[in-house]
Amino acid sequence: MILKNARWLTAEGYFEEGHIEIDNGRIVRLGRSFDPAKSDFTLDVRGCVILPGAIDPHVHFREPGQMYKEGIRNASRAALKGGVTTVIDMPNNRPPTTNRSRIMEKRKRFAAKSLVNWGIMLHAVKGRFIETDNLVKSVKIYMAKSSSLPAITSKSALLQLFEHYTTLSIHAEDDTFFLHDQKEKLAHHEWRPREAITGALQKIEQALKNLETSKRPRVVICHMNTRDEVQWLGRMKDEGFDVWGETCPHYLFFTQDDYLKYGTTLQVNPPIRTCDDRQALLQGLSEGVIDFIGTDHAPHTLAEKQSANPPSGIASIEWLMPQLLYLIDEGVIKWSQLNHLIAQGSARCYHIHGRDGIKEGNWADLVMVKRFDRSQQEAQVISKTGINLYKDFDFRWKVEMTMVNGIVKYRKGKFVNDTKGMAI
C-alpha cells in the first residue's frame, strides 16, 4: 500500500510531506517526494494530517464479567473511532485477573475479539506473587479498593511487591484516608479527600527508598488528578527514580465544580478536583513532567449512573484524538509534544516495540485526522454508555481514518475491517 499526498507527524515531532509505503503491516519507506512508485493499492490522503496511532495504556473493557457495560469488541470499535490503535486493559475484572489461568483466559478473549492491538495487566494481591513470563505489561496495585479484593495500603505490602515485580502501575489513592462513615453526606471528592493522594505518594516513596537503587522497580502513577502528584513526580524524577506519570482527559477538561453541576456522569476515581489542580496537570503536560495520556475508559450504563449508588467511571476513548488536538488548538501542548504523549511515552514505559511513532520499520498504526465544521461533528456514540461528555466543547478535528498494522479498520464513520489486533 502507498499513501500518497501525505503529511505526517514524525517521531521527532515535526511534519514531513510526501508518501508512505507500507508492506506486511509495517512502514517500509517514508518518501519525501510526491512521485511514489506504482502499487496495487494507492490511497490518496490529501487534506489529512497523519498521526501515530495512540497507545491508550489504561482502559477497562469490562470483559470478562461485565460485558453488558461494554465488552472487548465494542470497546475496540470505540478505540478506532478515537484514533487509538493499542490498549492496555486493567485487571479489576469479575473475577479479577490475579493468576495465570485468568491471564490466559483474558488473553484468549482479546486475541479473538479486539480490533486493536492489546496488552493486559496483572492484579496485585497482598502477599501473593506469580511469574508473569511476559504475559502482562505491568502489575496493577490498587491502593483504593476497585474489585472484590481488598486495597493494598501498608508500606510492608508495597515493599514486598516492589521487591518482586519490575514494573508496577499504581492507583495511588490510599483508602485508609477515606471518610467512609460520611459517604452519604459528602460530595464524592470530599469523602475521598486529597490526603488519600498525598498519603499514598508518601508510602510509595518510602517503599522505593527502602530498596537499593539497583533493585527498585519502575513505578507508574496512574490517572494523576492533583497538583500534588505533578510536584511529587517532578521531584522524584529529579532525584533519579524510575517513575512515570499518566493523566486522563477528564482531569484536563473538567473540575469538581462541573461534577457538582452535572452530577454522577462525572463521578470517577480518583475524583475530578479543583481548577488549580487542572491547571497544574495542563502545565505538567506542557513541561513534559507527565509522560502520557490514558483515557481510563470505564463505561457504566446510564441506569447505573442514575441509580442511588452510582459507580465511578467515565467512558471517553472515542474522543481521545479530538481532545488532544483541541489542547493543541488552545495552545496547551505543541505538535512537537503530541507524539510523546500518545505513542512514544507509553511505548518506552511499557516496552511496546515498533509502535513509538511514524518511522521506517515501525508498524503502520496510523490515524488520519481532518479539520471540520462543528455542524459536521459525528453524533453517534459507540460506547454502550451512550454518553458524550464532550459534546459542548468546540472540537474542530475528527478522525477520518484509523489503520492498525497496515490495515484500514475505520474510515469516514464506518468500520470496514474485522481483522484482529496483535498482542503487544
Side-chain angles (χ1 to χ4, degrees), residues 11-13 55 57-58 137-141 143 152-153 155 158-159 161-174 177 194-249 251-252 270 273-294 296 324 327 331-352 356-357:
E12 294 75 30
I55 299 171
H58 194 143
K137 301 308 294 182
S138 184
V139 177
K140 182 71 179 285
I141 296 176
M143 298 183 73
I152 296 174
T153 57
K155 285 179 281 187
L158 288 174
L159 183 59
L161 290 164
F162 285 9
E163 289 174 325
H164 190 84
Y165 297 112
T166 57
T167 303
L168 299 114
S169 304
I170 306 180
H171 180 138
E173 189 185 20
D174 186 346
F177 288 86
R194 182 181 301 270
E195 289 74 21
I197 298 287
T198 55
L201 295 176
Q202 185 178 42
K203 290 180 180 179
I204 292 166
E205 181 173 347
Q206 289 172 346
L208 285 171
K209 289 183 174 179
N210 280 339
L211 293 171
E212 296 177 21
T213 302
S214 61
K215 295 180 179 179
R216 291 170 182 164
R218 172 167 295 175
V219 166
V220 182
I221 305 300
C222 296
H223 40 48
M224 294 167 54
N225 67 324
T226 63
R227 175 179 291 277
D228 306 88
E229 290 157 295
V230 177
Q231 293 172 343
W232 182 89
L233 186 68
R235 176 175 60 80
M236 292 292 282
K237 285 183 173 185
D238 288 343
E239 292 180 16
F241 288 89
D242 188 6
V243 291
W244 298 65
E246 162 205 289
T247 193
C248 310
Y251 301 123
L252 306 175
R273 296 206 178 271
T274 67
C275 183
D276 178 67
D277 291 307
R278 175 177 173 270
Q279 289 301 321
L281 293 166
L282 293 170
Q283 185 176 350
L285 283 181
S286 176
E287 296 178 353
V289 177
I290 298 172
D291 298 285
F292 43 82
I293 304 285
D296 195 6
L324 295 178
L327 294 180
V332 175
I333 58 175
K334 300 176 181 177
W335 283 106
S336 60
Q337 296 174 295
L338 187 64
N339 183 73
H340 186 79
L341 289 173
I342 64 175
Q344 191 177 69
S346 294
R348 288 180 176 175
C349 179
Y350 289 115
H351 306 292
I352 302 170
D356 60 345

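Excluded from the calculations below are hydrogen atoms, water molecules and symmetry mates; all remaining heavy atoms, backbone and side chain alike, are included.
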Quick one: side-chain hydrogen bond (donor to acceptor under 3.5 Å, both in side chains) partners of Y350, sequence neighbours excluded? S169

Any non-hydrogen side-chain atom of W232 less than 4.5 Å from a side-chain atom of V243? yes

When you compare the side chain of M224 with that of Y251, does any pair of heavy atoms fall below 4.5 Å? no

Set of side-chain contact (heavy atoms from CB on, under 4.5 Å) partners for R227, sequence neighbours left out: Q231, D276, D277, A280

Return the set of residues passing side-chain contact (heavy atoms from CB on, under 4.5 Å) with Q283 (not counting sequence neighbours), or none when no residue passes. E287

Just to verify, what does D296 make a salt bridge (Lys or Arg N to Asp or Glu O under 4.0 Å) with, not counting sequence neighbours? none

Any side-chain to backbone donor/acceptor pair from T167 onto S138? Under 3.5 Å, distance only. no

Hits for side-chain hydrogen bond (donor to acceptor under 3.5 Å, both in side chains) against Q206, two or more places apart or cross-chain, chain-then-number order -> K155

Residues that H164 engages under ring-ring contact (aromatic ring centres under 6.0 Å, His included), provided they are two or more places apart: F129

For E246, the side-chain contact (heavy atoms from CB on, under 4.5 Å) test, sequence neighbours excluded, returns P57, H58, C222, H223, C248, F292

To the nearest 0.5 Å, how far apart are OG1 in T153 and NZ in K203? 4.5 Å

Starting at CG of L285, measure out to CD1 of I290 and round the result to the nearest 0.5 Å. 4.5 Å

Below 4.5 Å, heavy atoms only, C-beta onward: do D291 and C349 meet side chain to side chain? no

With sequence neighbours left out, what residues match T247 under side-chain hydrogen bond (donor to acceptor under 3.5 Å, both in side chains)? none

Is there a side-chain contact between K137 and I352 (heavy atoms, below 4.5 Å)? yes

Between the CG atom in N225 and the CZ atom in R278, the distance rounded to the nearest 0.5 Å is 14.0 Å

Would D228 and R273 pass as an ion pair if we require N to O under 4.0 Å? no

Got a sec, which residues hit side-chain hydrogen bond (donor to acceptor under 3.5 Å, both in side chains) with R218, two or more places apart in sequence or on another chain? D242

Which atom pair, heavy atoms only, marks the closest approach of V289 to K237? O-NZ, 2.7 Å

Side-chain heavy-atom pair L211, P217 within 4.5 angstrom cut-off: yes

Rounded to the nearest 0.5 Å, what separation is found between the CG atom of D238 and the CG atom of L233? 9.5 Å

Any side-chain heavy-atom pair of F241 and K209 under 4.5 Å: yes

Partners meeting salt bridge (Lys or Arg N to Asp or Glu O under 4.0 Å) with R235 (sequence neighbours left out): E205, E239

With sequence neighbours excluded, residues passing side-chain contact (heavy atoms from CB on, under 4.5 Å) with N339: L9, A11, P52, A343, Q344

If we ignore hydrogens and angles and just use 3.5 Å, is the side chain of Q337 paired with the main-chain N or O of G288 as donor and acceptor? no

State, with a plain yes or no, whether a side-chain heavy atom of I141 is found less than 4.5 Å away from one of I204. no

Report yes if the side chains of L341 and L324 come closer than 4.5 Å at any heavy-atom pair, otherwise no. no

When rounded to the nearest 0.5 Å, the distance separating CG of L168 from NZ of K140 is 11.5 Å

Partners passing salt bridge (Lys or Arg N to Asp or Glu O under 4.0 Å) against E173 (at least two apart in sequence or in another chain): R192

